[in-house]
Structure formats: structure tokens, C-alpha cells
Chemist: 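Starting off with a structure, shown below.
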Amino acid sequence: MKHLYDVIIVGAGLAGLRAAVEIGKDAKVAVLTKVFATRSHSGAAQGGIGAALGNEEEDHCEWHMFDTVKGSDYLGDQDAIEILANDAPRAIYELENLGVPFNRTPEGKIAQRAFGGHTRKFGEAPVKRACYAATRTGRVILDTLWEQSLRRGIEFFDEFQMLSLIVEEGQCCGVVAYELSTGKLHVFQSKAVLMATGGAGKIYKTTSNAFASTGDGMAMAYRAGAPLEDMEFVQFHPTGIYKLGILISEAARGEGGILLNNEGERFMERYAPVIKDLAPRDMISRCMLEEMRAGRGIDGKDYFHLDLTHLGEEVIDKKLAEITSFARTYAGVDPIKEPIPVQPTCHYMMGGIATDADGRVIVDEKNTAYAGLYAAGECACVSVHGANRLGCNALLDTLVFGRRAGIAIKAFVPSAGRPKLPARPETKDADTIKALMNSSGKESSGPIRAELQESMMENVSVFRQKDSLNTALKKITQLKKRYQHLAIQDKGSCFNRDLLDAIELGHLLDLAEVITRSAINREESRGAHSREDFPQRDDQKFLVHTMARYDAVKGPQIFTKPVTITQFEPKERKY
Ligand SMILES: Cc1cc2nc3c(=O)[nH]c(=O)nc-3n(C[C@H](O)[C@H](O)[C@H](O)COP(=O)(O)OP(=O)(O)OC[C@H]3O[C@@H](n4cnc5c(N)ncnc54)[C@H](O)[C@@H]3O)c2cc1C
């Protein structure tokens, strides 16, 4: 089946929806999403969204910019970070006007709370910068933007899974998608495609991410020639529920929660004397692993206690409601009376499809645009997060750069031509599906995925070194070979999860390879990339972005791109 639009947006999380709202009725827009729109992972965001409103105490966009640059371990592009920080207050008031029910201060202003790495006066002490709606911030923003999209006549194709980009004459001019309920392939022709497909936490065994976070958009853009940027930087959030990885938001520490080791010691006081438990995530995750190695994990095991008991029932129930229910349901503990067992969990991809600050996908270090292709949100790398993202900056990134991509697309569409499509652009995907369905191979996706996730968790997580990275790369190569012998048990065409799991596994394998190769290449420690064999940051050699280009035969081809530094020269990063 064929469809004709001006713009296809793939992904109905905050990035996709914010772009859709921006384009509105100015072009014919369709949003494709593999899960029902409001089930996108953005809806799980708990803690908040950062903006220097100064509603609770003095704050400035420049401080927000500085914290983000320092948090990124000086790898973020400062021109883009400036846009992020300066546009944040506008983005929040816009959400308020669209109907987002933020928590309020007693005098009726938007309430704000502390979050990791957000400080006043360039690092003096924590500042209250996170705007929030209890611990359901992402949920209320997602629902609001979805309603606003419907109001503007945006068409939704829910439960349509994109399989590939259509590229003709060097221009991206549509996508091929699989309809989950029928198994039919659809061709969507358009002048512009926006990838807003979210993260890829499912590469790792322990993750806070949704089942749908399999990095499809990154992998598909990569295979279509768009380079991936800074993929070695994978964020581990310090407080996932022990063994499950389900997130206990940083809001818990923002409201005063503390981390304790086996000796009942608030160990972060030793590592970050100024901001303690509100140090950035890369640092706390590393400290937890160091405590563990020193035998100070709880009962000598690989977890710690997040203690909220001193906050009192009212704060916990009112400001941290979801967290309380998660702790009760999944960890079997009541956070009002007892601490929550936590350990680092894979949370966020700092890297992604390389773009400029207007969402245009770029193909080289000179920022040459990939005609017709845009990306925004977690699947993109602008880069505002550099080597480590601060809490509350991801939601902000989706809104600020989702909107800017929308504006750029609106300007592009009227003058853009429509290259003639080949007769059957879906042939390649149809053949791949047919081959998988008819395969007599002995492999299935479950075991391959589990082995991949385990190897990445073991070898390419918080601490890395040459040997462990090479072990992971060898494993990925073996798994890719086994993937060639995959067979599908379910021969049906209605919600065939077996088939979709197999397709998604292909993405996980490609991205794991890029992450590992990029990590091998970066022989220094910076932000979330901590090499035990190269413990120092090396600005001489590595103050550059890693770019990885697809090569079907040789694997990822690495090149670099300069970092943009405007106001803040790299300094030692102390908290
Ligand atoms: C548990 C949790 C809590 C978080 N809390 C916070 C927080 O408090 N503050 C903060 O700033 N950040 C937070 N983050 C990070 C932030 O929520 C995400 O980075 C952000 O919401 C990503 O938005 P997105 O629009 O890029 O993608 P997502 O919201 O992940 O949406 C991806 C969309 O792409 C679609 N899609 C994917 N692949 C395909 C395909 N092949 N075909 C069709 N559609 C596809 C999906 O269906 C979905 O609609 C949190 C993340 C998690 C996991």
C-alpha cells in the first residue's frame, strides 16, 4: 500500500510530537509509531525537565549552560548547549500554555527541585532547576503534546514499524513500514523524514528503558549512510532497582534521599564533598562500582541502599508518588520505612545520528546535510550531552530540538522536489522478511539477544579496558554470524513478535558493534566512558567527536569531528 505525505515523522515520543505540533497544518504530516503513541518511552520520564526559571531561588541560563558543558566533560558543542539552556524557559512556559499541569509553589509559580549536576554560580552548590509534575513529568507532557497534535490534524499510524529509509538521487524520500496487525508492508513517500525513534537501552542486560528502546532509527539511518556520533558514551543511572533496572528517579535524591554503603556510610560525601549525592550520574555510578570493589556493597553484593526514610511520608507520597509504588511493587520495600536496594542501570545514549542544531542529519565533519533527512530526541546527537548527560536535559533536548527540526522541515518542504521512487521500494524488506520466515536455521533471537546483553553489561558498561572491549567485539562478531541462521517459529501475520524481535535484534547487534568499536578507539577516560587502561582525560588527542560510518564489509569506519568551544575552556571536572 502506498501513501503520499510531505513529512513523515517516525516516533511519537516528545521529540516527534513536538516537531509535529510545530509543523501542524503547514504541511501534510504523518506520524508512524511502533507502539501506540502515548506508550512511547517519554511517558516513563519521572523526575523533571530543566530550565533556569529562578522560581525557587536565583538561577540563570548561563549557569545552566555551564553545568551542561561541565557535565558533558567538555565534549558537548557549546553553541548547541547555549541554545538548549537559553531556550529552556520559553519551552517550559509554552508547555504550561498548552496545558501541562506542573507542580506549583505556594504562590502559584511552577515549582522546581534539585537534580544531579545542576548548580548555582558555576558549581558552588546545588540549585533547584527541575520543573516537574510529581514523578510523572514525561507522562503529562506526552499526553498534552499528543492531544495538541490531534487538534492540529496530524495523522497517526500507530503500531506501524518502520523497516528502512527510501533514498533516491541522494535524497531521503520516504520509509517502508510494517503494519503490526496485518503483516502488510506500506510505502510512505515524503519530501522529508524526521527520525524521532528514541534510545537503545535494550543493548544492555540491566536497563531502565522500555522494551521498544531498540535503537531502530539509529541503526536504519546508519545503514542508509548517516554517521553515528559519540556512541561510546552510554549513561548508567546509579539508581535502578536491584536486579531489575527499573528506574528510581534522581528526583528521590533531589528531594534529599541519600545513598548508603554496607557500613551505613553516606559514601558520596567522600567523592563529591560539595554536591554529594547530587553529583552527575557517570561519577556516582563509578563511585558505586569502586565501593563494590572495596567490598562495601550491601552484604558484600553489587547493590547499595537509597535511603528516603528521613524525608517523611508526606514528601514521599506527594512528590515521589510513582517511586513509592515502584519500590513497593518491584522491590517489595516500603520507602517510608526502609531503604530501596539499587544498582547502576543502563539509561541513556548520549550518542546518536549526527545532526546540526536544526535537526538536519549531517554526513561529514563539515556539517554537510543529508537531503531530506532529519533527527531529533534521544536517537539524535546534536551534541548537547557530550560525554555525559545531566538529569532533566533529555526532555528539554526533545522539546527544544524537536521544535527546531519542525521549523527547519517547514522551511524545506515548499522548495523540495520529489524524486521518482523505484517501482517497488519495499522489495528489499519483503525479501528479508520472506527469508526469515522461510529460514530452516537453528537459531532464535532470544538466546542471541541475551548473550549480547550479557556481554555488553560485562565488558562495555561503566568501566572498560582494551581486553574487555575486544572480548565484546569478538562476541558481537560471533553473534552476527549466528544471526544469519535465525529462524522464525511464528508463521502468522498478526502481531508477529517473533519476527519483530528478530528485526530489532539486527539493530541491537549493529549498534553494539558501533559502541564497542568507538570505545576501543577512544583511549582516554571522559564522562561515561571510563577506560581503566587510560584513566586520564586526554584533551590533546581526544577532545573530538567520534563519528562512525557504516561499511557492510569492513564494519564501522571511524573518523572524527571537532568540538565547538565558545565560552568555557576545558577544565578539570570536580564536584
Ligand atoms: C525511566 C526513564 C525515566 C526518565 N526520566 C527522565 C527525566 O525525568 N527527565 C529527563 O530529562 N529525561 C528522562 N529520561 C530520558 C527521556 O525520557 C528520553 O530520553 C526521551 O523521553 C526520549 O524521547 P524521544 O522522543 O526521543 O523518544 P521516545 O519517547 O523513546 O519515543 C520513541 C518513539 O519512536 C517510536 N519508534 C521506535 N522505533 C520505531 C520504528 N522502527 N518504527 C516506528 N516507530 C518507532 C516508538 O514507538 C516511540 O513512539 C528518562 C528515561 C527513562 C527510560
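Below, all heavy atoms of this structure are taken into account, side chains as well, without hydrogens, waters or symmetry copies. As the structure lists them, so they are numbered: ligands from 1, and atoms in each ligand from 1.
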Chemist: Does a donor on one side chain and an acceptor on the other come within less than 3.5 Å for His347 and Asn209?
Modeler: no

Chemist: If we ignore angles and hydrogens, is there a donor and acceptor under 3.5 Å between the side chains of Asp67 and His118?
Modeler: no

Chemist: Give the protein residues with at least one non-hydrogen atom closer than 4.0 Å to an atom of ligand 1, ordered by chain and number.
Modeler: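 Its neighbours under 4.0 Å (heavy atoms only) are Val10, Gly11, Ala12, Gly13, Leu14, Ala15, Leu32, Thr33, Lys34, Val35, Ser40, His41, Ser42, Ala44, Ala45, Gln46, Gly47, Gly48, Phe160, Gln161, Met162, Ala196, Thr197, Gly198, Ser208, Asn209, Asp216, Met220, Leu247, His347, Tyr348, Gly377, Glu378, Arg389, Cys392, Asn393, Ala394, Leu395, Thr398, given by chain and number.
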
Chemist: I would like to know whether Arg281 and Gln235 meet side-chain hydrogen bond (donor to acceptor under 3.5 Å, both in side chains); could you show each step before the answer?
Modeler: CA-CA 7 Å; Arg281 293 170 181 173; Gln235 177 161 82; 3.0 Å; yes

Chemist: Under the side chain to side chain contact (heavy atoms under 4.5 Å, CB included) test against Ile49, which residue among Asn393, Thr398, Ile92 passes?
Modeler: Ile92

Chemist: Pairing donors with acceptors under 3.5 angstrom, does anything connect the side chains of Asp77 and His545?
Modeler: yes

Chemist: Suppose we screen for salt bridge (charged side-chain N to carboxylate O under 4.0 Å, His left out). Which residues come up paired with Arg151, at least two apart in sequence or across chains?
Modeler: none

